[in-house]
Amino acid sequence: MSVRVCFVCLGNICRSPTAEGVFRHLVREAGLDHAFVIDSAGTAAHHVGEAPDPRSTAAAKRRGIVLEGAARKFVAADFERFDYVIALDGRNFDDLRRLAPHDEARARLSMLRDHDPSSPRRADVPDPYYGGSRGFEEVLDLCERACEGLLASLRERHGV
Ligand code: 4NP
């Protein structure tokens, strides 16, 4: 049985495709492709169908990480499709909590940076959309640290 993980931000064009790409990269490096289903989605629909933001794609590419997929909106039924629904910021987390149909779905929710032992609790991955290129590098730095922690804890919990 695969461990199913979905990263969720607002637009699904900057932060969550980055987290998805970083996590997939780490999973591949570990030779664990077969053990995971990895996806991302957004709480808003403005960018549905779009490829990841070119600024995110370029920053990731410089680190050897490929971003892929087309933006989609996270829907309540996704709580049945994923074991872990991981919010990139507190607003995404609150929106997902409201959307969750039952306690079991709420129990699948976490904040990405809470998987980084060096991060303060409940910390956001800041939205880079309206800022400069430094913001996209910061998103990558934060996603790399948190995804390393996430992969380590999922490997331990699921014995993979
Ligand atoms: P994301 O970034 O949530 O990291 O994909 C954003 C993308 C688009 C907008 C905001 C944030 N927007 O307002 O269009």
Side-chain angles (χ1 to χ4, degrees), residues 1-30 32-33 35-44 52-53 56 59-60 63 65 67-69 71-131 134-160:
M1 271 286 282
S2 298
V3 181
R4 304 165 302 169
V5 181
C6 187
F7 299 95
V8 183
C9 63
L10 180 65
N12 193 209
I13 54 170
C14 299
R15 292 165 295 171
S16 60
T18 300
E20 176 190 346
V22 165
F23 190 66
R24 181 171 286 118
H25 184 81
L26 293 172
V27 163
R28 268 193 197 140
E29 276 186 336
L32 292 171
D33 254 343
F36 289 91
V37 170
I38 306 164
D39 195 13
S40 66
T43 56
D53 188 301
S56 296
R63 300 187 192 198
I65 295 164
L67 304 192
E68 49 198 38
R72 71 176 186 92
K73 190 172 190 295
F74 189 92
V75 294
D78 284 315
F79 280 109
E80 316 305 327
R81 296 179 52 223
F82 295 98
D83 308 302
Y84 298 91
V85 177
I86 302 181
L88 275 280
D89 71 23
R91 183 178 154 202
N92 309 145
F93 184 89
D94 292 343
D95 287 342
L96 289 165
R97 231 185 117 73
R98 271 191 292 278
L99 186 67
H102 43 62
D103 284 349
E104 207 188 306
R106 276 184 282 278
R108 294 177 193 174
L109 277 173
S110 62
M111 294 270 288
L112 180 65
R113 291 185 65 191
D114 281 349
H115 299 280
D116 171 5
S118 70
S119 165
R121 297 303 87 194
R122 315 289 301 171
D124 293 342
V125 176
D127 181 352
Y129 190 70
Y130 293 107
R134 177 72 206 114
F136 290 85
E137 297 300 331
E138 186 189 17
V139 168
L140 273 159
D141 292 340
L142 297 174
C143 286
E144 284 181 342
R145 287 208 293 273
C147 285
E148 280 170 15
L150 175 66
L151 181 57
S153 65
L154 292 182
R155 289 186 73 165
E156 187 168 314
R157 180 179 297 180
H158 295 275
V160 291

**OP:** Answer yes if the ring centres of Y84 and H115 are under 6.0 angstrom apart, and no otherwise.
**Re:**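 Between Y84 and H115, the centre distance exceeds or equals 6.0 Å.
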
Looking at [X] and [Y], does any basic side-chain N land under 4.0 Å from a carboxylate oxygen?
| X | Y | result |
| --- | --- | --- |
| R63 | E137 | yes |
| D83 | R157 | no |
| R98 | D95 | yes |
| D78 | K73 | no |
| R91 | D94 | no |

As an exercise, state the distance from [atom1] of [X] to [atom2] of [Y], rounded to the nearest 0.5 Å.
| X | Y | atom1 | atom2 | answer |
| --- | --- | --- | --- | --- |
| F79 | L109 | CZ | CG | 4.5 Å |
| L67 | E20 | CG | CD | 8.5 Å |
| N12 | F74 | CG | CZ | 11.0 Å |
| F36 | R155 | CZ | CZ | 7.5 Å |
| L32 | S2 | CG | OG | 11.0 Å |
| L150 | I86 | CG | CD1 | 4.5 Å |

Could you tell me whether the side chain of [X] and the main chain of [Y] form a donor-acceptor pair under 3.5 Å?
| X | Y | answer |
| --- | --- | --- |
| N92 | D89 | yes |
| R108 | V85 | no |
| D124 | P126 | no |
| D114 | R121 | no |
| R145 | S118 | no |
| R106 | A100 | yes |

Heavy-atom closest contact ([X] atom, [Y] atom, distance):
| X | Y | value |
| --- | --- | --- |
| L96 | A87 | CD1-CB, 4.0 Å |
| C6 | A41 | SG-N, 4.1 Å |
| V22 | C147 | CG1-CB, 3.8 Å |
| C14 | S56 | CA-OG, 3.4 Å |
| V160 | A35 | CG1-CB, 4.1 Å |
| P128 | V139 | CG-CG2, 3.9 Å |

Original post:
Would C143 and L112 count as a side chain to side chain contact (heavy atoms under 4.5 Å, CB included) if you check the C-alpha gap in whole Å, the side-chain angles of each, and the deciding distance to 0.1 Å?
Top reply: CA-CA 8 Å; C143 286; L112 180 65; 4.0 Å; yes

Original post:
Can you tell me if CD on E104 sees more than 12 non-hydrogen neighbours from other groups inside 6.0 Å?
Top reply: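 Not buried by this count: 12 neighbours or fewer within 6.0 Å.
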
Subject >> Pairwise side-chain contact, R15 with L10, heavy-atom cut-off 4.5 Å (strictly under) >> reply: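 Sidechains of L10 and R15: in contact.
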
